[in-house]
Amino acid sequence: EDFMDASLDFHVSIARATRNKFMESFLTMLIFEQKRIELGLKKLTTRDEGKLFSSEHAEIYKSICRRDEKKAVELMQDHFKSIMDSINNS
């Protein structure tokens with residue numbers, strides 16, 4: 001479909017890579033519900049921030065590949081803050 005699917009799949013891929021079955025299942029269920037809810041929305045705030053979120057995902061991925069746990073955690077925290085800011089400012 002669009003970048004949102006890849007963006008959402010990124011989170012599941014991270015859970016899968018860490019072999020966290022609970023988080024993988026939880027995120028899969030959450031994404032299903034999110035997509036169901038989105039069908040009824042005219043405007044999706046987080047979609048407007050797609051380029052930002054995609055670039056954040058890329059930086060998180062690079063940190064994971066470098067095995068820089070501290071940087072990956074820092075970037076994930078920043079990413080969650082960006083999402084919350086986007087939602088709160090809508």
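The first residue in the sequence is number 1, and the count goes up from there. For the numbers below, each heavy atom of this structure counts, side chains included, while hydrogens, waters and symmetry mates do not. Worth saying up front: this structure is predicted, and the values here are computed from it rather than measured.
Taking the six-membered ring where tryptophan is involved, the planes of His11 and His79 are essentially parallel, since the angle between them stays under 30° and well short of 60°.
Clustering ILVMFWY residues whenever any of their side-chain heavy atoms sit less than 4.5 angstrom apart, transitively, puts Leu8 in a cluster other than the one holding Phe32. The cluster map of Ile, Leu, Val, Met, Phe, Trp and Tyr, joined by side-chain heavy atoms under 4.5 Å apart, puts Leu30 and Met23 in the same cluster. Cluster membership for Phe53 and Val73, using ILVMFWY side-chain heavy atoms within less than 4.5 angstrom, is not shared.
The number of heavy atoms from other shown groups lying within 6.0 Å of CZ (Phe10) is above 12. Other residues, nucleotides and ligands contribute more than 12 heavy atoms inside 6.0 Å of the CD atom of Glu33. Around CZ of Arg19, the count of heavy atoms belonging to other residues, nucleotides or ligands within 6.0 Å does not exceed 12.
Distance check, rounded to the nearest 0.5 Å: CG of Asn20 to OG of Ser25 gives 9.0 Å. Rounded to the nearest 0.5 angstrom, His57 NE2 and Leu52 CG are separated by 9.5 Å. Going from atom OG of Ser13 over to atom CD of Glu24 covers 8.5 Å, rounded to the nearest 0.5 Å. In this structure, CZ in Arg16 is found 10.0 Å from CG in Leu27, a value given to the nearest 0.5 Å. Interatomic distance, CG of Asp85 versus CZ of Phe80, reported as 13.5 Å (0.5 Å rounding). Annotation: the span from Gln77 atom CD to Glu74 atom CD amounts to 8.0 Å, rounded to 0.5 Å.
Residues Ser63 and Lys71 come closest through the heavy atom pair OG-CG, 3.3 Å. Of all non-hydrogen atoms in Met76 and Ile60, the two that sit nearest each other are SD-CD1, 3.3 Å.
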